[in-house]
Structure formats: structure tokens, C-alpha cells
Amino acid sequence: IDDNSRRVVEVHAAEIAKNPNAKVVLEGHGDERGSREYNLALGERRAQAVERMMKVLGVPASRIKTVSYGEEKPLEAAHTEDAWQQNRRVELQY
């Protein structure tokens, strides 16, 4: 998790920790390169990394769910490094 993303996770974790009814789904995504199984595993690891950070920041595990979509839901359809970078992400859904 890079510094920019770390700050975003910290803000979300603080809000979730303050609200006892808030739950979050962490959706891991990958780019189109590699096999479907490989990308699902990468998406899962990305979501789990954010989950670990949120737990450290005080969000109870019972309020966090992770799911991986691998390459199935790209933000950007282009076949460029910029597009691939945008597609490698974790989205937070409340």
C-alpha cells in the first residue's frame, strides 16, 4: 500500500471505527495480464492487505469482508501500463 493509498485507508478506517453500524466490503481487482486464477489471487491479496491495515487501525474484523474480482471489472479497457495500473486496485463499498 503506497503512501497515498495509506492515507485514504486511514480516513476510511477512522470513519468506520467511529460508526458501530458501518461495514465495508473490500473489493480486490487486477489487470488483464496473467491467468484468471492468478488475477483472482492477486485481487484477494490486495483486499487482504487493506483488511490487515484497517484491523490495525481499529476496525473490527466482523465489520470487514473481502472479495476478489480479479480482472473481471476493469476501470480502464485500454491495454496500456496506465490502464493496467488503474485496474490494480481495492475498492471500498459501504
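Heavy-atom basis, side chains included; hydrogens, waters and symmetry copies ignored.
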Who passes side-chain hydrogen bond (donor to acceptor under 3.5 Å, both in side chains) against Arg63, sequence neighbours left out?
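For Arg63, no residue satisfies side-chain hydrogen bond (donor to acceptor under 3.5 Å, both in side chains) once neighbours in sequence are set aside.
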List, one per line, each side-chain donor-acceptor pair under 3.5 Å for residues 12-26, sequence neighbours excluded.
residue: His12; atom: ND1; partner: Tyr94; partner atom: OH; Å: 2.4
residue: Glu15; atom: OE2; partner: Lys18; partner atom: NZ; Å: 3.1
residue: Asn19; atom: OD1; partner: Asn21; partner atom: N; Å: 3.0

Are Leu92 and Met54 close enough that some pair of their side-chain heavy atoms sits under 4.5 Å apart?
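Result yes, sub-4.5 Å side-chain heavy-atom pair found.
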Going by heavy atoms in the side chains, are Ile64 and Lys55 under 4.5 Å from each other?
yes
So which heavy atom on Ala47 is nearest to which on Gly28, and how close?
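Ala47 and Gly28 have their closest heavy atoms at CB-N, 4.0 Å.
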Closest non-hydrogen atom pair, Gln86 against Leu75
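Looking at all heavy atoms of both residues, the shortest contact is O-CD1, 3.7 Å.
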Can you pull the side chain to side chain donor-acceptor pair (under 3.5 Å) pairs that have at least one residue in residues 34-47, sequence neighbours excluded?
Asn39-Glu71, Glu44-Gln48, Glu44-Thr66
Under the side chain to side chain contact (heavy atoms under 4.5 Å, CB included) test, residues paired with [X] that sit two or more places apart:
X: Ser62; answer: Pro60
X: Ile1; answer: Ser5, Arg6, Ala49, Val50, Met53
X: Glu81; answer: Arg33, Trp84, Arg88

Pair Asn87-His29, side-chain contact (heavy atoms from CB on, under 4.5 Å): steps then yes or no:
CA-CA 6 Å; Asn87 291 333; His29 298 271; 5.9 Å; no
Keeping Asp31 on the side-chain end and Ala83 on the backbone end, is there a donor-acceptor pair under 3.5 Å?
no
Atom pair CD/NZ of Glu91 and Lys73 - distance to nearest 0.5 Å:
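With rounding to 0.5 Å, CD (Glu91) is 8.5 Å from NZ (Lys73).
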For the CD atom of Glu27 and the CZ atom of Arg89, what is their distance to the nearest 0.5 Å?
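These two atoms lie 8.0 Å from each other.
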Checking Glu10 against Arg7 for the side-chain contact (heavy atoms from CB on, under 4.5 Å) test, could you report, in this order, the C-alpha distance in whole Å, the side-chain angles of both residues, the deciding distance, and whether it holds?
CA-CA 5 Å; Glu10 288 170 348; Arg7 286 188 288 276; 4.2 Å; yes
Leu40 reachable from Val90 in the ILVMFWY side-chain graph, under 4.5 Å edges
no
